[in-house]
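In what follows, a structure is listed as structure tokens, so that the remarks can point back to it.
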Amino acid sequence: MPDHLIENEGRVLRVNGQRFHAVWLADNAPSSQRTPALAAPLNDIRLLTANIVDDSVALTFAPDCTPLSFSLKWLKDHAYDTPKERSVGHMPAGSTPWGSTIKAAMPTAPFPALKAYEATQLSWLDAIRSYGLAKVTETAGPVHEIIDIFTPAECAVPSDENDCRAPELNLEIITCAKDEEECTVHLSDGFACAIRLKNEDPEGFAALAHHSASFVFADQTGRPFTARVPIVSLLPEGTIAAIRFAPQSAAPLTDVPFEQMEVYYRAYRHFSELVDSPEMQISVTLKEGEALVIENTRILRDTKDSHTAQRAFADKNSLLASLTALETIP
């Protein structure tokens with residue numbers, strides 16, 4: 001049988017040109033076959049045999065000859081032995097940066113079609129994943145009916161005590177304020193602006209990503225809230241995770257070292273100019289019966305629009321879960 005599938009003294013499986021660690025395979029066993037493999041010492045987890053059987057690979061593991069089987073397609077879909085974007089400051093997978101030209105091709109769907117057709121839902125939800133925003137027309141009811149498209153009421157409150165999702169309500173649904181016939185919102189893609197800053201001023205980009213800004217703001221009752229977060233938040237792999245840019249709520253900077261303060265302010269001003277620049281900003285007019293959904297940890301909105309617009313919030317994780325379910329329908 002093909003012993004060449006096993007490498008590095010049983011610690012690695014190579015199949016279809018991709019390598020998988022034995023400990024990774026043990027930890028990702030199909031649920032029907034899952035055993036407490038990781039209870040064994042790390043060095044004891046190794047492959048004893050590996051055989052291709054039809055469209056799967058059959059494995060046995062030391063130390064107790066545990067048998068496991070993996071679909072070759074599943075391994076291909078979950079391969080990690082591939083070159084990945086590791087540069088500091090890059091777009092998340094599936095995201096597309098945009099500038100002012102997106103206004104001519106704004107992702108839009110009529111609400112009746114969103115309710116009736118899965119293909120319309122798939123396209124509209126995919127646009128939010130890709131561009132961070134999409135518009136809805138022909139709405140006839142309250143905003144929660146839009147949220148129900150991707151967060152059914154019975155799923156709105158997580159019941160799993162092991163839920164590890166970020167709890168942020170990071171989708172914003174914008175509509176005209178009551179008694180307003182229309183409103184205009186001014187938007188910029190914060191991710192695209194951050195990438196431009198990185199390309200034009202790498203040192204300044206690093207300053208905004210590596211030092212916390214301070215913010216203070218009050219809710220409708222006047223209660224004060226504070227936050228300390230970088231303007232550009234990065235995952236350890238360098239992926240841009242969030243933009244938090246609110247000059248109107250900025251508090252004195254205390255987390256930037258003296259030697260970096262001028263660099264930080266240079267980048268802060270440059271980023272602000274990019275956000276407001278005509279080539280990076282769009283204006284979207286909403287009329288009665290229309291709504292705009294934006295990812296508010298990516299899309300930056302001019303706060304001067306607030307008096308004519310009203311907002312509701314939802315969970316992006318629910319949107320992505322609904323999108324994934326639609327994408328996997330046979």
Side-chain angles (χ1 to χ4, degrees), residues 91-96 98 102-160 163-178 180-185 187 189-191 241-243 282-301 305-306 308-330:
M91 298 289 289
S95 296
T96 304
W98 54 262
I102 197 176
K103 185 173 182 179
M106 172 66 64
T108 303
F111 182 70
L114 276 176
K115 290 191 67 175
Y117 303 112
E118 289 182 344
T120 304
Q121 291 179 25
L122 176 60
S123 176
W124 186 78
L125 294 172
D126 182 61
I128 296 176
R129 177 175 61 184
S130 180
Y131 301 108
L133 80 174
K135 192 175 180 180
V136 189
T137 60
E138 299 179 31
T139 64
V143 166
H144 73 75
E145 292 187 356
I146 298 173
I147 299 174
D148 287 345
I149 293 292
F150 52 84
T151 309
E154 62 270 20
C155 300
V157 180
S159 58
D160 186 352
D163 195 319
C164 60
R165 297 174 299 172
E168 294 181 275
L169 295 177
N170 46 12
L171 288 180
E172 185 175 332
I173 299 91
I174 305 172
T175 56
C176 292
K178 188 177 180 180
E180 294 284 345
E181 293 184 358
E182 65 177 38
C183 65
T184 300
V185 292
L187 308 169
D189 183 352
F191 285 7
I243 301 293
I282 60 171
S283 299
V284 180
T285 298
L286 299 174
K287 299 180 180 179
E288 186 176 357
E290 297 183 334
L292 184 70
V293 179
I294 67 171
E295 183 181 344
N296 60 21
T297 52
R298 170 180 173 178
I299 306 303
L300 302 176
R301 181 175 61 83
D305 307 327
S306 298
T308 59
Q310 61 184 9
R311 302 178 294 161
F313 298 90
D315 175 20
K316 183 186 174 186
N317 289 293
S318 294
L319 183 148
L320 294 177
S322 297
L323 176 57
T324 299
L326 290 169
E327 289 177 327
T328 54
I329 292 175

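Please read these numbers as outputs of a predicted model, since none were measured by experiment.
Considering every non-hydrogen atom in both Ile173 and Ala291, the closest pair reads CG2-CB, 4.2 Å. The nearest pair of heavy atoms linking Ala113 to Thr120 is O-CB, 3.7 Å. Between Thr297 and Phe191, the shortest heavy-atom contact is O-CE1, 3.7 Å.
Between Arg301 and Ile174 there is a side-chain heavy-atom pair separated by less than 4.5 Å. Annotation: side chain of Ile102 is not in contact with side chain of Asp189 (no heavy-atom distance under 4.5 Å). Side-chain contact between Phe150 and Trp124 is present, with at least one heavy-atom pair separated by less than 4.5 Å. Two residues are said to be in side-chain contact when any heavy atoms from C-beta on lie closer than 4.5 Å; Lys135 and Leu286 meet this criterion. Using a 4.5 Å heavy-atom cutoff, the side chains of Leu122 and Leu323 are in contact. Contact annotation: the side chain of Lys103 never approaches that of Val284 to less than 4.5 Å [non-hydrogen atoms, C-beta and beyond].
Between the NZ atom in Lys287 and the OG1 atom in Thr137 there is a gap of 11.5 Å [rounded to 0.5 Å]. Atoms SG and CD, from Cys176 and Glu182 in turn, are 7.0 Å apart once rounded to the nearest 0.5 Å. Interatomic distance, CG of Leu125 versus CG of Leu326, reported as 6.5 Å (0.5 Å rounding). To the nearest 0.5 angstrom, Thr175 atom OG1 is 3.5 Å from Gln310 atom CD. Rounding to the nearest 0.5 Å places CD of Glu288 at 11.0 Å from CD of Glu180.
Under the side chain to side chain contact (heavy atoms under 4.5 Å, CB included) test applied with Asn296, the options Leu171, Asn170, Leu169, Ile243 reduce to a single match, Asn170. A side chain to side chain contact (heavy atoms under 4.5 Å, CB included) with Leu133 holds for exactly one of Glu295, Arg298, Met106; it is Met106.
Other residues, nucleotides and ligands contribute more than 12 heavy atoms inside 6.0 Å of the CZ atom of Phe313. Other residues, nucleotides and ligands contribute only 12 or fewer heavy atoms inside 6.0 Å of the CD atom of Glu181. Remark: Glu118 CD is loosely packed, at most 12 non-hydrogen atoms of other residues, nucleotides or ligands lying under 6.0 Å away.
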For side-chain contact (heavy atoms from CB on, under 4.5 Å), just list the numbers for Ile149 and Val136, CA-CA rounded to whole Å, side-chain angles, deciding distance to a tenth of an Å, and then say yes or no. CA-CA 11 Å; Ile149 293 292; Val136 189; over 6 Å; no

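Remark: side-chain polar atoms of Ser123 are not paired, donor with acceptor, to backbone N or O of Ala119 under 3.5 angstrom. Here the side chain of Ser130 pairs no donor or acceptor atom with the backbone of Asp126 at under 3.5 angstrom. A donor-acceptor pair under 3.5 Å is formed between the side chain of Gln121 and the backbone N or O of Leu114.
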